Amino acid sequence: MREWEHPDYEPHLPVSEKSNPLTRDIDRASANQIVRLLQACDAQMFQEGAGNMYERLFSQRVVKTMMEVAAHVELILKEPEESRIVLSGCGTSGRIAFLIATSFNRLLREKNQTPVYSYLIAGGDRALLSSQEAPEDDPQLGMLSLKTVCEGKRRVLFIGISCGLSAPFVAGQLDLCLEHPEVYTPVLVGFNPVSQARDEPMPGGTLTFKTVVQRMEALETNHRAFILNPAVGPEAISGSSRMKGGSATKILIESVLTAAHEAAYRHTPVSHKGMMECMEAYERAVNITYTETEGIAALVEAAGHSLQHGRRVCYLAWGSLAVVSLIDASECIPTFGADYEDIRAFIHGGYRELNNTEGPLTTLGPQFCIAHEDFDQLVWPSLNDKDTVVLIYTDCNDVSAVEELAERVRQKTSNLHVLCHGLDGTTATGNITCLCSSVLNITWPSSVPQNSLHMYRELSTKLVLNAVSTGAHVLKGKIYQNHMIDVQVTNTKLYHRATRLLQKLSGGPEAHCERALLRAIYSSEELPASITSCDLTTHTLTASTRSKVVPLALICLLTGRSIQEAQSHLESRPCVRDTVVACLS
């Protein structure tokens with residue numbers, strides 16, 4: 001049994017919130033060490049279960065449930081009229097839902113078939129590009145959005161994604177499905193056992209995520225509801241499920257949908273062997289990616305150097321890899337307390353390529369300007385050698401267009417890098433190599449099926465960019481041990497996560513830690529009744545206007561310093577661990 005699986009290891013935390021024993025000192029690691037630690041953590045997704053503590057990705061029950069869901073998808077593909085498959089989630093889960101739904105609709109259009117997939121994300125399309133945490137807490141909003149997208153449909157397969165089995169937005173949608181079994185068949189995708197589902201009442205009622213999941217459990221034997229919740233191990237950096245949670249979500253759902261499409265259009269029956277082979281292909285994709293550890297580390301080093309000097313990292317991408325780039329960049333703001341300028345993504349074709357439901361969002365501000373033309377106008381004029389620019393593309397894209405953009409960027413900065421994907425015996429770099437500081441060329445065997453290759457390349461790109469953005473923020477000092485200490489406390493889930501984190505790191509009682517958090521949120525040494533009597537929504541709204549509230553609270557708890565003193569120390573030493581060590585010495 002692995003350490004994190006032992007019942008005595010952080011017993012009060014669900015798997016998705018536990019700290020990973022492998023990465024306890026990642027905040028002191030070099031770029032190369034960071035990448036190797038992330039590789040070890042990603043490998044945990046595919047490890048077999050030990051001692052039956054938790055079901056894993058390849059467990060018999062998990063694969064059997066995937067086959068059953070694929071059979072439902074196959075029926076809808078064969079009879080798409082008045083039917084719908086909806087993928088929904090919050091934050092990273094919602095963005096992965098968007099990526100998968102739009103990708104499989106594109107495959108259907110290429111076959112002259114009726115598109116049947118829709119996506120929902122808490123906060124709407126703006127949440128694809130920026131943090132919209134508050135809507136995650138609204139189960140009624142989740143219900144309403146599902147009703148709207150399914151209006152007039154007689155049969156709906158709903159796939160709700162909540163890595164921690166905790167999001168009220170998704171719970172409300174699952175509850176709606178359970179209330180209307182004549183229309184909806186609910187599927188829950190997450191990575192905690194049912195016993196660890198969130199068990200506190202949601203806003204506006206007595207409903208809890210746990211009671212919803214328990215009702216689904218009772219319906220599983222009759223194939224009226226399905227739960228896919230293998231444990232994939234704690235995240236490399238605890239406090240966000242954007243890494244392994246997002247990757248495992250993509251692997252699970254795409255394996256299910258691929259099997260269903262093969263059955264519907266190629267008459268290949270859904271089978272245990274076929275499902276295992278599909279997931280094993282994703283495991284090979286992970287291994288292929290990490291054969292380029294040195295190249296990934298070079299990108300991490302460059303990106304970390306840029307952030308340390310107050311400069312930016314820009315992804316310039318093409319095709320579906322551009323969507324993966326947008327997802328990675330958008331997650332840095334809430335996860336690391338970053339500014340939207342710190343890590344940005346720009347995509348060839350802009351919103352036309354993104355193909356989101358609400359269309360262009362550029363009127364919402366520069367943060368929502370995502371085309372290469374926007375990069376030319378907003379970023380290119382002020383580029384210098386302390387900025388990191390990464391070109392991201394495949395051999396299917398117009399390499400001459402990539403080279404043209406590379407030449408334009410090179411006029412401003414020598415800190416230019418390439419992440420490209422090619423096949424054995426081909427090259428996707430052209431003359432670009434001589435323009436760049438580093439070239440990360442991920443080569444795929446020519447035997448990989450063409451209809452699946454883009455999905456493996458997306459996962460590979462996700463792993464690389466997760467390493468770049470996470471590693472850069474580690475090097476900048478945004479991580480304490482292996483915790484996302486500078487997370488923004490913008491909804492109830494994050495408020496409770498912050499309190500638990502402070503309790504773990506300080507060893508203090510929960511009430512004491514919550515009080516320290518409130519002092520940091522309100523920048524006040526005293527907490528009058530006018531503050532302590534407020535509900536959590538008021539606290540999180542106030543916290544959304546503050547910076548570094550969790551690091552401030554931690555320093556106060558560990559050192560006994562005042563809020564003002566802690567603030568002064570953080571300003572002089574942005575690295576949280578360095579600040580704590582200095583205060584304690």
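All values reported here derive from a predicted model rather than from experimental measurement.
- Listed for the K18 side chain is no donor-acceptor partner under 3.5 Å among the backbone atoms of W4.
- Scanning both residues, R561 and C556, for their nearest heavy atoms gives O-SG, 3.4 Å.
- Residue L501 comes nearest to H483 through the heavy atom pair CD1-ND1, 3.2 Å, listed as atom of the first residue, atom of the second, then distance.
- Listed for the N229 side chain is no donor-acceptor partner under 3.5 Å among the backbone atoms of L188.
- E179 contributes atom CD, which lies 5.0 Å from atom CZ of R215 (distance to the nearest 0.5 angstrom).
- Under the 3.5 Å distance criterion, the side-chain polar atoms of K244 are matched with a main-chain donor or acceptor of C41.
- Atom CD of E151 is surrounded by 12 or fewer heavy atoms from other residues, nucleotides or ligands within 6.0 Å.
- At a threshold of 4.5 Å between non-hydrogen side-chain atoms, the residues V313 and L307 count as touching.
- When each of V389, L383, D342 is paired with R312, the side-chain contact (heavy atoms from CB on, under 4.5 Å) condition holds for L383 and for no other.
- In this pair, Y495 and H539 present their aromatic rings parallel. The plane angle is below 30°, not in the 30 to 60° band.
- With contacts defined as side-chain heavy-atom distances shorter than 4.5 Å, the pair S325/I347 does not qualify.
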**Request:** Any chance you could lay out the side chain to side chain contact (heavy atoms under 4.5 Å, CB included) test for D535 and T538, step after step, and finish with the verdict?
**Result:** CA-CA 6 Å; D535 58 18; T538 302; 2.8 Å; yes
**Prompt:** Would R242 and D328 satisfy salt bridge (Lys or Arg N to Asp or Glu O under 4.0 Å), going step by step from the backbone distance to the final call?
**Reply:** CA-CA 8 Å; R242 80 186 194 104; D328 183 84; 3.3 Å; yes
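- A distance of 8.5 Å separates OG in S524 from CD in Q564, rounded to the nearest 0.5 Å.
- Side-chain contact annotation: T357 with Y119, donor-acceptor N/O pair under 3.5 Å present.
- Applying the side-chain hydrogen bond (donor to acceptor under 3.5 Å, both in side chains) criterion to K250, with sequence neighbours excluded, gives E254, E458.
- Around NZ of K153, the count of heavy atoms belonging to other residues, nucleotides or ligands within 6.0 Å exceeds 12.
- Between E235 and S240, the side chains place no donor N or O within less than 3.5 Å of an acceptor N or O (distance only, hydrogens not considered).
- Listed for the E136 side chain is no donor-acceptor partner under 3.5 Å among the backbone atoms of A122.
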**Item:** Stepwise salt bridge (Lys or Arg N to Asp or Glu O under 4.0 Å) test for K504 and E17
**Value:** CA-CA 12 Å; K504 178 187 176 182; E17 298 281 340; over 6 Å; no
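- Of all non-hydrogen atoms in A498 and L517, the two that sit nearest each other are CB-CD2, 4.0 Å.
- Within the 4.5 Å cutoff, the side chain of H305 has no heavy atoms near those of the T388 side chain.
- At distances below 3.5 Å, not a single donor-acceptor pair connects side-chain atoms of Q503 with backbone N or O atoms of C513.
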**Asked** Given the rule in the side chain to side chain contact (heavy atoms under 4.5 Å, CB included) test, do I121 and R95 qualify, once you have shown the distances and angles that lead to the verdict?
**Response** CA-CA 7 Å; I121 181 169; R95 296 174 192 120; 3.9 Å; yes
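- Smallest separation of non-hydrogen atoms from G246 and K462: C-CE, 3.8 Å.
- Contact check for S16 versus S241: no side-chain heavy atoms found under the 4.5 Å cut-off.
- By the 6.0 Å contact criterion, CZ on R546 is enclosed, its count of non-hydrogen atoms from other residues, nucleotides or ligands being greater than 12.
- Under the salt bridge (charged side-chain N to carboxylate O under 4.0 Å, His left out) criterion, E220 pairs with no residue at all, not counting sequence neighbours.
- In this structure, M243 CE and C163 SG are separated by 13.0 Å, a value rounded to the nearest 0.5 Å.
- Of the residues L87, D125, L128, the one that meets the side-chain contact (heavy atoms from CB on, under 4.5 Å) test with F98 is L128.
- Considering CD1 of I159 and CG of L157, their distance stands at 5.0 Å, rounded to 0.5 Å.
- Remark: side-chain polar atoms of N192 are paired, donor with acceptor, to backbone N or O of G164 under 3.5 angstrom.
- For the pair L207 and D175, the minimum side-chain heavy-atom distance is below 4.5 Å.
- In terms of modelled atom types and a separation under 3.5 Å, the side chain of D138 and the main chain of P135 share no donor-acceptor contact.
- Between the side chains of T492 and R198, a donor-acceptor pair is found at a separation under 3.5 Å.
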**Request:** Any chance you could lay out the side chain to side chain contact (heavy atoms under 4.5 Å, CB included) test for F336 and I343, step after step, and finish with the verdict?
**Result:** CA-CA 11 Å; F336 302 107; I343 297 185; over 6 Å; no
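- Between L505 and Q481 there is a side-chain heavy-atom pair separated by less than 4.5 Å.
- For E358, the CD atom counts as densely surrounded, since its 6.0 Å shell holds more than 12 non-hydrogen atoms of other residues, nucleotides or ligands.
- The neighbour count for E217 CD, taken as heavy atoms of other residues, nucleotides or ligands under 6.0 Å away, is above 12.
- Distance check, rounded to the nearest 0.5 Å: CG of L146 to CZ of F158 gives 5.5 Å.
- Here the shortest heavy-atom pairing between S19 and E10 reads OG-OE2, 2.6 Å.
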**Request:** Go through E3 and R24 one step at a time and tell me if the salt bridge (Lys or Arg N to Asp or Glu O under 4.0 Å) criterion holds.
**Result:** CA-CA 13 Å; E3 184 178 351; R24 287 190 177 112; 2.5 Å; yes
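- S530 has its side chain out of reach of Y522: every pair of non-hydrogen atoms, C-beta onward, lies at least 4.5 Å apart.
- Separation of atoms CG (L120) and SG (C90) is listed at 10.5 Å; rounding is to 0.5 Å.
- Here the closest non-hydrogen pair linking F191 and L165 is N-CD1, 3.9 Å.
- No side-chain heavy atom of Y340 sits under 4.5 Å from any side-chain heavy atom of S130.
- Between the side chain of N20 and the backbone N or O of G233 there is no donor-acceptor pair closer than 3.5 Å.
- Although no hydrogens or angles enter the test, the distance criterion places no donor-acceptor pair under 3.5 Å between the side chain of T470 and the main chain of A467.
- At least one donor-acceptor pair closer than 3.5 Å links the side chain of D374 to the backbone N or O of A371.
- A 6.0 Å sphere centred on CD of E301 holds no more than 12 heavy atoms belonging to other residues, nucleotides or ligands.
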**Asked** Can L37 and N482 be said to form a side chain to side chain contact (heavy atoms under 4.5 Å, CB included), step by step?
**Response** CA-CA 11 Å; L37 289 170; N482 57 357; over 6 Å; no
